[in-house]
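I have placed the structure first, in the form of structure tokens, so that the comments after it can refer back to it.
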Amino acid sequence: MALVYTKFYAGSETFGRAIGFAYDALVHGPCSFDANATWKGIVDRVKQGVYMGEGLLLPHTRVPGLAEPLMAFVVCPEGLTGIEIRGDEKAQFMCVLLSPAESATAHTVVIADMAKKMLNPEWKRKALTVQSDEDVRALFL
């Protein structure tokens with residue numbers, strides 16, 4: 001899995017703006033893919049709902065011919081706005097994931113790893129105290 005982009009937002013940010021920057025970084029990342037078709041897959045998934053609980057938004061899609069999973073991860077302690085989530089929860093994290101269409105295992109492994117991190121109180125505490133894009137990247141080292 002290639003962690004292509006990490007971003008820390010000190011204040012609240014809109015979901016649309018945050019996903020736009022994250023997706024742009026993936027498009028310009030280490031693997032080429034059909035950006036328009038992949039964006040359509042992301043948009044379709046967002047329409048189905050991408051809130052996974054624990055403060056995590058997980059817009060994702062499978063991409064034909066992608067060499068490896070690509071991920072962008074965003075931390076926004078104040079919360080990402082402009083997207084519907086359940087109850088009074090706050091979306092503080094976003095993981096934009098592109099996975100090879102040919103490998104269900106690669107897709108599942110990355111999602112399972114992300115879930116494990118989000119359910120770890122210590123990891124989540126560290127994530128909510130980051131102060132820079134580099135601090136976000138260090139969460140995955």
Enumerate, atom names and distances included, each donor-acceptor pair closer than 3.5 Å involving a side-chain atom of residues 63-88, sequence neighbours excluded.
| residue | atom | partner | partner atom | Å |
| --- | --- | --- | --- | --- |
| T81 | OG1 | E13 | O | 3.4 |
| R86 | NE | E89 | OE2 | 3.0 |

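Cluster membership for W123 and V110, using ILVMFWY side-chain heavy atoms within less than 4.5 angstrom, is shared. I111 and F140 end up in the same hydrophobic cluster when Ile, Leu, Val, Met, Phe, Trp and Tyr side chains are linked at under 4.5 Å. Tracing side-chain contacts under 4.5 Å through hydrophobic residues (I, L, V, M, F, W, Y), one reaches L128 starting from M114; they form part of the same cluster. The same ILVMFWY cluster, assembled from side-chain heavy atoms under 4.5 Å apart, contains both M118 and M1. By the rule that hydrophobic residues join a cluster once side-chain heavy atoms approach within less than 4.5 Å of another member, L58 and Y51 end up as members of separate clusters.
Residues that satisfy the side-chain contact (heavy atoms from CB on, under 4.5 Å) test with K126, not counting sequence neighbours, are E122, L139. Scored by the side-chain contact (heavy atoms from CB on, under 4.5 Å) test, R45 finds Q48, V50, M52, H60 as partners (sequence neighbours excluded). Among residues two or more places apart in sequence or in another chain, the side-chain hydrogen bond (donor to acceptor under 3.5 Å, both in side chains) test is passed with K7 by none. With sequence neighbours excluded, the residues forming a side-chain contact (heavy atoms from CB on, under 4.5 Å) with D135 are V130, Q131, S132, listed by chain and number. Every residue two or more places apart in sequence or in another chain that forms a side-chain hydrogen bond (donor to acceptor under 3.5 Å, both in side chains) with D113 is listed here: K117.
In this structure, NZ in K90 is found 9.0 Å from OG in S12, a value given to the nearest 0.5 Å. C31 contributes atom SG, which lies 9.5 Å from atom CG of L98 (distance to the nearest 0.5 angstrom). Here the CG atom belonging to L56 is positioned 8.0 Å from the CZ atom belonging to F93, to the nearest 0.5 angstrom.
Counting only residues at least two apart or on different chains, the side chain to side chain donor-acceptor pair (under 3.5 Å) pairs with a member in residues 94-107 are S99-H107. Screening residues 51-60 for salt bridge (Lys or Arg N to Asp or Glu O under 4.0 Å) gives E54-K124 as the qualifying pairs, with residues at least two apart or on separate chains. Pairs passing the side chain to side chain donor-acceptor pair (under 3.5 Å) check and including a residue from residues 33-42, sequence neighbours excluded, read K40-D44.
Closest approach of A35 to Y23, counting heavy atoms only: O-OH, 2.7 Å. Considering every non-hydrogen atom in both P59 and V46, the closest pair reads CB-CG2, 4.1 Å. Taking each heavy atom of V136 and F8 in turn, the nearest pair found is CG2-CB, 3.9 Å.
Side-chain contact check for M94 versus I19: some heavy-atom pair is nearer than 4.5 Å. Proximity of V27 to F33: side-chain heavy atoms (C-beta onward) are separated by under 4.5 Å at one or more points.
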